[in-house]
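What follows is a single structure, written as structure tokens, with notes after it.
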Number of protein chains: 2
Amino acid sequence: MEPVYPQPLVMVDTALFTIRDERLCLILARRKEPPFEGLLALPGGFVHAQEDADTEAAARRVIRGKIGFDAPYLEQLFTFSGAARDPRGWSVSVVYYALIPWSLLEGNPSAEVFPVDALPPLPFDHGQIVAKAVERLRGKATYSSLPAFLLSAEFTMNDLHRIYEQTIGARLDKASFRHKILGQDIIEEMPNRFRTGAHRPAQLYRLSSKALTAFERKI
Amino acid sequence: MEPVYPQPLVMVDTALFTIRDERLCLILARRKEPPFEGLLALPGGFVHAQEDADTEAAARRVIRGKIGFDAPYLEQLFTFSGAARDPRGWSVSVVYYALIPWSLLEGNPSAEVFPVDALPPLPFDHGQIVAKAVERLRGKATYSSLPAFLLSAEFTMNDLHRIYEQTIGARLDKASFRHKILGQDIIEEMPNRFRTGAHRPAQLYRLSSKALTAFERKI
DNA sequence: AAATGTTATTTGCAAAAAACAAATAAGTCT
DNA sequence: AGACTTATTTGTTTTTTGCAAATAACATTT
């Protein structure tokens with residue numbers, strides 16, 4: 001029952017977001033093989049029949065290969081396809097995007113981390129892919145706890161506020177933000193834990209179990 | 001530079017939504033070949049290297065084959081993959097969903113149109129696919145002009161109101177709905193055009209160019 | 001022609017949410 | 001102790017929403 005048609009190449013690519021120095025960034029990989037050998041591109045690879053249960057497993061494998069561990073948040077973005085997008089021929093690329101706290105990436109060669117508004121020219125259709133990934137991230141940020149996955153497990157209200165502003169790319173009122181977030185039950189106070197610094201200490205929060213389970217189900 | 005790995009089967013499936021008798025429905029197709037020959041399933045097929053520029057073109061081809069014309073609204077939903085989802089083996093299915101006004105479908109064998117909450121058992125992983133498609137449609141309905149594509153080009157405010165209620169599956173206040181919709185500039189009055197009936201005539205509207213272009217860009 | 005029935009559309013008001021501006025709180029540092 | 005800085009709360013205004021009722025417009029009946 002095999003199809004009589006030639007089949008396209010099937011690959012996965014990944015858009016790995018992080019926030020470094022208050023700016024939304026992407027992690028790129030230098031290509032080790034042709035085509036476009038030596039250029040920076042989105043980390044990706046073919047789907048392996050043997051190792052990958054599905055494309056999401058393939059994406060996880062690619063991400064582990066790039067950063068050494070699993071991304072706290074991973075979601076399928078879109079599938080790009082066509083005869084022209086890859087010089088090797090007709091191909092289908094299932095693209096995933098992931099959010100990774102910069103704190104987990106310290107020590108990574110920062111040469112491969114670029115602000116999304118200052119990326120080098122990208123090969124294939126990776127420019128379009130990035131545009132779509134940023135659009136999706138911005139869209140979801142406004143009505144979900146998604147941006148919190150760019151922070152480490154403990155964070156202050158101000159950290160969260162800043163992260164939302166950076167991913168959305170707009171100013172948000174402090175008092176309203178606080179009120180809205182607390183009303184959604186997506187974060188919870190860590191009792192008696194504060195971030196202490198030069199001035200008034202800030203309450204530490206963590207994602208609530210509600211937020212965590214909601215996102216395992218990929219709301 | 002061909003990959004050394006075996007490649008999965010690549011296909012497209014479609015979730016074709018319409019509203020008939022005030023209920024959100026899906027159009028199914030009776031399978032003409034094994035596996036699951038004779039059962040109702042989502043319309044789909046393999047991607048043809050010769051005919052299809054990309055998976056979206058393949059989806060359009062499948063849809064034309066099923067209903068005879070192009071759907072007013074078509075969007076990629078998600079890509080499902082795995083070794084177990086199709087008995088023919090490892091496969092990747094790029095799924096699209098479409099919105100089709102029932103008025104364009106009159107005469108279609110209604111035996112193949114089922115309310116989404118009363119579908120027959122579906123083969124493959126089509127049950128999951130439907131669940132995801134309904135979820136996406138409902139999600140987008142609340143903040144976009146999407147449901148309007150289930151209506152024909154001219155509609156009254158009440159038509160629109162009813163369609164939103166049916167896709168979202170909840171009651172919406174008449175006055176608030178009207179106010180909100182008009183504030184978004186997604187529809188515009190058709191000057192001096194009314195739907196006349198037994199009682200007070202209703203203003204006819206159409207989608208604004210803003211809404212149309214927004215959705216060509218797949219917001 | 002006037003009254004009636006029915007659907008369409010507008011209006012008014014109370015409640016809730018959001019935006020804006022400022023005050024208060026809680027530490028460190030001098 | 002007082003200045004300084006960041007965190008958090010409070011109050012006020014503006015905007016949106018929810019709900020209920022009034023008004024408008026026509027066809028049909030009286």
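What's counted below: heavy atoms across the whole structure, side chains too, no hydrogens, waters or symmetry copies. Computed from a predicted model, the values in this text were never measured in an experiment. Letters A, B, ... are given to chains in the order of the sequence lines, protein chains preceding strands, and every chain is numbered from 1.
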Whole-Å distance between [N] [atom2] and [X] [atom1]?
X	N	atom1	atom2	result
L160(B)	dT7(C)	CG	C1'	17 Å
Q203(A)	dT6(D)	CD	C1'	15 Å
H179(B)	dC13(C)	NE2	P	16 Å
Y205(B)	dA8(C)	OH	P	12 Å
K180(A)	dA16(C)	NZ	P	18 Å
R162(B)	dA8(C)	CZ	P	8 Å
F155(B)	dA8(C)	CZ	C1'	16 Å
I181(A)	dA19(C)	CD1	C1'	16 Å

Out of [options], which nucleotide sits closest to the side chain of [X]?
X	options	value
N158(B)	dA21(C), dA7(D), dA8(C)	dA8(C)
R178(B)	dT7(C), dT10(C), dA8(C)	dT10(C)
M157(A)	dT8(D), dC4(D), dA21(C)	dT8(D)
K174(B)	dC19(D), dT8(D), dA8(C)	dA8(C)

Inset, instruction - Decide yes or no for I27(A) and I100(A): does some side-chain heavy atom of the first lie under 4.5 Å from some side-chain heavy atom of the second? - result: yes
Inset, instruction - Hey, which sits more toward the 5' end of DNA chain D by its nearest nucleotide, D173(B) or P201(B)? - result: D173(B)
Inset, instruction - Carefully, step by step, assess L77(A) and Y96(A) under the rule side-chain contact (heavy atoms from CB on, under 4.5 Å). - result: CA-CA 5 Å; L77(A) 172 67; Y96(A) 287 79; over 6 Å; no
Inset, instruction - Return yes if a side-chain donor-acceptor contact under 3.5 Å exists between Y73(B) and E75(B), otherwise no. - result: yes
Legend entry - D185(A) and S208(A) side chains, donor-acceptor separation under 3.5 Å: no
Legend entry - Pairwise 5' ranking along DNA chain C for S176(A) and H199(B), keeping only the more 5' one: H199(B)
Inset, instruction - Over all heavy atoms of both residues, which pair between I181(A) and I186(A) is shortest? Give the atoms and the distance, please. - result: CD1-CD1, 4.0 Å
Inset, instruction - Classify the side chain of R200(B) and the base of dA25(D) as holding, or not holding, a donor-acceptor pair under 3.5 Å. - result: no
